[in-house]
Amino acid sequence: MTIAPPESQAVLLARAEALAGRDLAWLAGELGVAVPDDLRRDKGWIGNLLELALGATAGSRAEPDFPHLGVEMKTLPVDARGRPRESTYVCTAPLDGSIARSWEDAWVRHKLARVLWIPILGDGHPGERIIGAPLLWSPSAEEEAVLKADWTALTEAIGLGETWQLEARKGKALQLRPKAAHAREMTWVIDDEGEWAQVNPRGFYLRASFTGSILKKHFAIG
DNA sequence: GTGTGATCATCT
DNA sequence: AGATGATCACAC
């Protein structure tokens, strides 16, 4: 079953809102998709299911999920208290020198310019998890300032070849984490002594505390 | 092999 | 329990 791409952000949001409160087993049934018993071997199952349901087109290409709308969709697993259970993957971190020269050009910034967050409630059987109320979001001035500061610091460390600094402890909101099939997978970088070196590929992730603050800001009872 | 979708597994 | 580092599946 294929769903046509939404013609506007309003339509996209309306579609997402119509799914809120449903469980994933229901949605999978509507789409003719089998529900796995757990996500160990289907880590992207929820994300792919929601993309299908909302009419995303980009697939695994390096584009927003809704290219014509400039919107990226991300599911966000949350616990009973409404706090994100995991960090959120944003995109691959370029370690090879093809780094954007400014935050304005950064891939991370474009990815996060407009995001449709879809909270997924529960941590039990995938089919029993509930689709939450969606949030069509753009970073506030303060949020963008934090992201920019983190990105600048992390990018600087990459640019200087300080490979030992490419660890998850850095960054208030944005962090670098391994992003590969396994730890033996390597990519080439030039280290701080100008020598070629091999390191595990990294990706940019949003800390759960950051995505949690986004949800809290928009859904907290005033 | 790289990028997209993420969660798992382990350590502190 | 929360964070860090490791890992799984699929498309191209």
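Just so we're clear, the structure is a prediction, and the values are computed from it rather than from any experiment. What you see below is based on every heavy atom in this structure, not just the backbone, and it leaves out hydrogens, waters and symmetry mates. Residue numbering restarts at 1 for every chain, and letters A, B, ... go by the order of the sequence lines.
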Rounded to whole Å, please give me the gap between [atom1] in [X] and [atom2] in [N].
X        : N     : atom1 : atom2 : result
A:Lys170 : C:dT4 : NZ    : C1'   : 16 Å
A:Arg61  : B:dG1 : CZ    : P     : 24 Å
A:Arg202 : B:dT2 : CZ    : P     : 14 Å
A:Asn200 : B:dT2 : CG    : P     : 11 Å
A:Leu116 : B:dT4 : CG    : P     : 18 Å
A:Asp38  : C:dC8 : CG    : P     : 13 Å
A:Asn48  : B:dT7 : CG    : P     : 11 Å
A:Leu24  : B:dA6 : CG    : C1'   : 14 Å

Under 3.5 Å donor-acceptor, A:Glu30 side chain and A:Leu27 backbone: no
Any donor-acceptor pair under 3.5 Å from A:Asp79 side chain to A:Gly82 backbone: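 Flag set: sc A:Asp79 to bb A:Gly82 pair under 3.5 Å.
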Residue pair A:Asn200 / A:Leu95: nearest heavy atoms and the distance that separates them: O-CD1, 4.0 Å
Min side-chain heavy-atom separation [X]-[Y] under 4.5 Å:
X        : Y       : result
A:Trp45  : A:Val35 : yes
A:Val71  : A:Asp65 : no
A:Arg129 : A:Ile46 : yes

With a non-hydrogen cut-off below 4.0 angstrom, is [X] in contact with a base, only sugar-phosphate, or nothing?
X        : result
A:Met73  : sugar-phosphate
A:Arg83  : nothing
A:Ala183 : sugar-phosphate
A:Ala180 : base
A:Trp188 : nothing
A:Gly47  : sugar-phosphate

For a quick test of reading the model: is some side-chain N or O of [X] closer than 4.0 Å to OP1 or OP2 of [N]?
X        : N     : answer
A:Thr92  : B:dT4 : yes
A:Gln175 : C:dA3 : no
A:Tyr89  : B:dT7 : no
A:Lys43  : B:dA9 : no

Quick one: which of [options] gets closest to the side chain of [X]?
X        : options             : value
A:Pro77  : B:dT7, C:dG5, B:dT4 : B:dT7
A:Arg41  : C:dA9, B:dA6, B:dT4 : C:dA9
A:Ala168 : C:dG2, B:dG5, C:dT4 : C:dT4
A:Arg207 : C:dG2, C:dA3, C:dA6 : C:dA3
A:Glu86  : C:dT7, B:dC8, B:dG5 : B:dC8
A:Leu39  : B:dC8, C:dT7, B:dT4 : B:dC8
A:Lys74  : C:dT7, B:dA6, B:dT4 : B:dA6
A:His182 : C:dT4, B:dG5, C:dT7 : C:dT7
A:Arg177 : C:dG5, B:dA6, B:dT2 : C:dG5

Comparing A:Arg169 and A:Arg85 on DNA chain B - which has the more 5′ nearest nucleotide: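 Final value for this comparison: A:Arg85.
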Contact nearer the 5' end of DNA chain B, comparing A:Tyr205 with A:Glu185: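 Nearest nucleotide further toward 5': that of A:Glu185.
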Earlier contact from the 5' end, DNA chain C, for A:Leu176 and A:Arg81: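 Nearer the 5' end of the strand: A:Arg81.
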Earlier contact from the 5' end, DNA chain C, for A:Ser87 and A:Arg40: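 The residue mapped nearer the 5' terminus is A:Ser87.
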Pi-cation contact, A:Tyr89 with A:Lys179 (under 6.0 Å, within 45°): yes
Side-chain donor/acceptor contact of A:Lys179 with base of B:dT4 under 3.5 Å: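 By the distance-only test, yes, there is a pair.
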